[in-house]
2 protein chains.
Amino acid sequence: MSRPRAKLTNTFPGCPVESALSFIDGKWKGVILYHLMTEGTLRFNELRRRVPSVTQRMLTKQLRELEEAGLLSRTVFPVVPPRVDYALTSRGESLRPVIMALKAWGDKNVLCDGERMTLKPLKAKSQVESENA
Amino acid sequence: MSRPRAKLTNTFPGCPVESALSFIDGKWKGVILYHLMTEGTLRFNELRRRVPSVTQRMLTKQLRELEEAGLLSRTVFPVVPPRVDYALTSRGESLRPVIMALKAWGDKNVLCDGERMTLKPLKAKSQVESENA
DNA sequence: GCCTATAGTGTCGAAAAGGATACTGTCCAT
DNA sequence: ATGGACAGTATCCTTTTCGACACTATAGGC
């Protein structure tokens with residue numbers, strides 16, 4: 001397969017997994033979708049503030065790709081200073097189970113401590129039970 | 001964020017989404033996990049046959065990364081010809097909801113027709129109802 | 001004696017992705 | 001008159017990813 005990932009499309013079982021992944025591939029798409037899902041429509045700089053480490057250029061790029069993929073809509077208001085709203089389309093909304101599964105897995109398995117990303121230890125069943133008790 | 005994606009780890013809401021994504025990032029990890037989830041333990045060449053377009057070198061690389069991440073185990077049998085089994089660990093198994101959500105989304109939204117990957121049209125509610133009738 | 005299967009490794013190069021930095025233009029508040 | 005907020009572009013450069021291809025070693029079958 002010498003095609004870029006976004007154009008990956010051989011037919012084989014499991015291909016749907018890859019093609020779905022290709023839509024949220026890109027360093028920031030996951031977070032962008034997550035914020036739009038949990039907070040609703042957001043403006044460019046609102047997104048920027050929520051994803052502090054993305055550069056302007058990358059945020060623009062990822063948003064354009066998501067728009068092209070039909071996952072979000074971009075609404076420009078002809079006012080000054082400029083105003084641009086980003087909102088999920090219904091196809092974007094349909095990704096909610098995926099994003100939320102990722103979020104749940106990340107919450108359970110990863111420690112985002114600000115310096116390193118570390119895996120949380122797996123819990124034995126007894127530990128889980130005592131926590132839920 | 002000038003770190004590679006695998007080391008992405010700033011603290012912000014939505015970070016769990018990104019860090020979860022970093023585990024299945026890589027052009028073939030999704031499919032590999034999918035096949036191990038649906039078929040159980042597989043040998044190197046069995047995986048290769050299930051993912052026809054991956055090269056040997058890339059399959060090896062992705063498998064090693066998944067192993068390092070603790071998502072699968074690699075068992076070498078000292079026989080000749082060589083035999084190496086790949087199986088999900090329990091942490092790998094814990095990704096099942098994620099992979100299955102991706103699979104479901106892909107099935108519903110993408111047409112893998114072997115030449116192009118195209119988005120299926122969104123269904124109006126009435127259409128869905130008549131299909132389920 | 002040659003081919004096949006097994007599970008890789010090594011090297012090379014192209015392409016894609018991502019980051020740093022500087023720049024645009026208008027309005028408003030200070 | 002200076003600076004900031006807004007939503008971007010443009011240019012350049014580095015890093016990362018991926019693929020092609022060649023190569024390894026051993027046993028068994030024809």
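Just so we're on the same page: letters track the sequence lines, and every chain starts at 1. The structure displayed is predicted, hence computed values, not measured ones. Hydrogens, waters and symmetry mates are skipped; everything else that's a heavy atom, side chains included, is used.
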Exercise. Output yes when a side-chain donor or acceptor of Asp25(A) lies under 3.5 Å from a complementary backbone atom of Leu21(A), and no otherwise.
Key: no
Self-check item: Side chain Thr41(A), main chain Asp85(A), donor-acceptor under 3.5 Å
Solution: no
Practice problem: Mind running a 4.0 Å heavy-atom check of residues 61-84 of chain B against DNA chain D and sending the residues that fall below it, in number order? | Solution: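 Only Gln62(B), Val80(B) qualify.
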Self-check item: Heavy-atom closest contact (Arg50(B) atom, His35(B) atom, distance)
Solution: O-NE2, 3.6 Å
Quiz item: At their closest point, which heavy atom of Ile24(A) faces which heavy atom of Leu33(A), and how far apart are they?
Solution: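 In terms of heavy atoms, the two residues are closest at CG2-CD1, 3.7 Å.
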Can you measure [X] atom [atom1] to [N] atom [atom2] for me and round it to whole angstrom units?
X        : N       : atom1 : atom2 : result
Leu59(B) : dT17(D) : CG    : P     : 17 Å
Lys29(A) : dG18(C) : NZ    : P     : 7 Å
Arg49(A) : dG8(D)  : CZ    : P     : 14 Å

Quiz item: Using a cut-off of less than 4.0 Å, is there contact between a side-chain N or O of Lys27(A) and OP1 or OP2 of dG19(C)?
Solution: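 Checking dG19(C) against Lys27(A), a side-chain N or O does come within under 4.0 Å of OP1 or OP2.
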Quiz item: Closest to the Arg43(A) side chain: dG8(D), dC18(D), dC6(D)?
Solution: dC6(D)
Quiz item: Among dG8(D), dG8(C), dG19(C), which nucleotide sits nearest the side chain of Phe44(B)?
Solution: dG8(C)
Quiz item: Where each residue is assigned the nucleotide of DNA chain D containing its nearest heavy atom, which of Arg48(A) and Arg57(A) is assigned the position nearer the 5′ end?
Solution: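 In this pair, the answer is Arg48(A).
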Quiz item: Would Glu93(A) and Arg96(A) count as a salt bridge (charged side-chain N to carboxylate O under 4.0 Å, His left out) if you check the C-alpha gap in whole Å, the side-chain angles of each, and the deciding distance to 0.1 Å?
Solution: CA-CA 6 Å; Glu93(A) 186 58 46; Arg96(A) 182 180 294 270; 2.6 Å; yes
